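In what follows, a structure is listed as structure tokens, so that the remarks can point back to it.
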Amino acid sequence: HYSPFYEVNVSRFLLVAPSTILNAVFYWWIFTSLSSTLEDLKETNQTSKLKLYENFSRVLAGSLAAATVMAVYTIIWISLWTTHSWMWSQRWFVENGFWQLLYVVILVSVMILWMPSPRQREIAHHTELPTTDDDDELEMTIQQLENDKTLDFDDD
């Protein structure tokens with residue numbers, strides 16, 4: 001459906017702007033939820049899961065940077081070259097190819113991050129016990145258990 005040459009016009013620009021805004025809304029939504037998850041993992045000292053999600057946030061930040069550069073390039077490409085005829089391969093890459101490539105890169109990155117392994121299984125099914133330097137809390141918990149009379153097992 002691509003002709004050998006393509007004239008860029010204003011209607012193309014009107015289609016790119018809403019798409020760019022929608023992408024920005026989705027990225028904002030994802031990063032808002034991801035930052036909440038990262039805060040929860042920090043509060044509960046889940047260091048293994050925290051590292052995994054921090055790497056995932058780096059992948060998404062890189063994809064956001066690439067998407068932003070491409071969106072700006074697309075808008076400039078459309079606005080500056082309205083009278084220039086473009087070959088179908090250039091048009092395809094700007095309109096579809098880059099986004100498909102970005103999707104594949106994100107998908108492969110997620111596949112690598114969550115690749116099945118014994119460590120991933122441990123992360124998925126276990127909660128890491130938080131480690132604290134405060135020995136007073138541990139001593140207080142031990143004293144509470146020693147003083148608790150409800151767990152009397154000496155009744156035979």
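Reckoned from all heavy atoms, side chains included, excluding hydrogens, waters and symmetry mates. Numbering starts at 1 and runs along the sequence shown. In this text, all values refer to a predicted model and were calculated from it rather than measured experimentally.
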Is a donor on one side and an acceptor on the other found under 3.5 Å between the side chain of S36 and the backbone of T32? no
Side-chain contact, heavy-atom cut-off 4.5 Å: I112 with V108? yes
Find the distance between OG1 (T44) and CG (L50) and round it off to the nearest 0.5 Å. 8.5 Å
When rounded to the nearest 0.5 angstrom, what is the spacing between CD in E54 and NZ in K42? 6.0 Å
Can you name the closest pair of heavy atoms from L34 and L60 and give their distance? CD2-CD1, 4.1 Å
Looking at CG of N23 and CE of M70, how far apart are the two atoms once the value is rounded to the nearest 0.5 Å? 12.0 Å
Cluster overlap F98 with Y103, hydrophobic side-chain contacts below 4.5 Å: no
With rounding to the nearest 0.5 angstrom, report the CG to CG distance, L52 to L41. 9.0 Å
Is I30 linked to I106 within one hydrophobic cluster, defined over Ile, Leu, Val, Met, Phe, Trp and Tyr using a side-chain heavy-atom separation of less than 4.5 Å? yes
Among all residues two or more places apart in sequence or in another chain, which pass the side-chain hydrogen bond (donor to acceptor under 3.5 Å, both in side chains) test with T68? none
Decide whether V110 and W99 are clustered together by the hydrophobic rule: side chain heavy atoms of Ile, Leu, Val, Met, Phe, Trp, Tyr closer than 4.5 Å, transitively. yes
Scan residues 29-56 for pairs that pass ring pair (Phe, Tyr, Trp, His ring centres under 6.0 Å), counting only residues two or more places apart or in two chains. Y53-W114, F56-W114
Using 0.5 Å steps for rounding, measure from the CE atom of M115 to the CG atom of L113. 8.5 Å
Check whether any side-chain heavy atom of S63 lies under 4.5 Å from a side-chain heavy atom of Y27, and answer yes or no. yes
Sequence neighbours left out, what passes side-chain hydrogen bond (donor to acceptor under 3.5 Å, both in side chains) with N55? Give chain and number order. R58
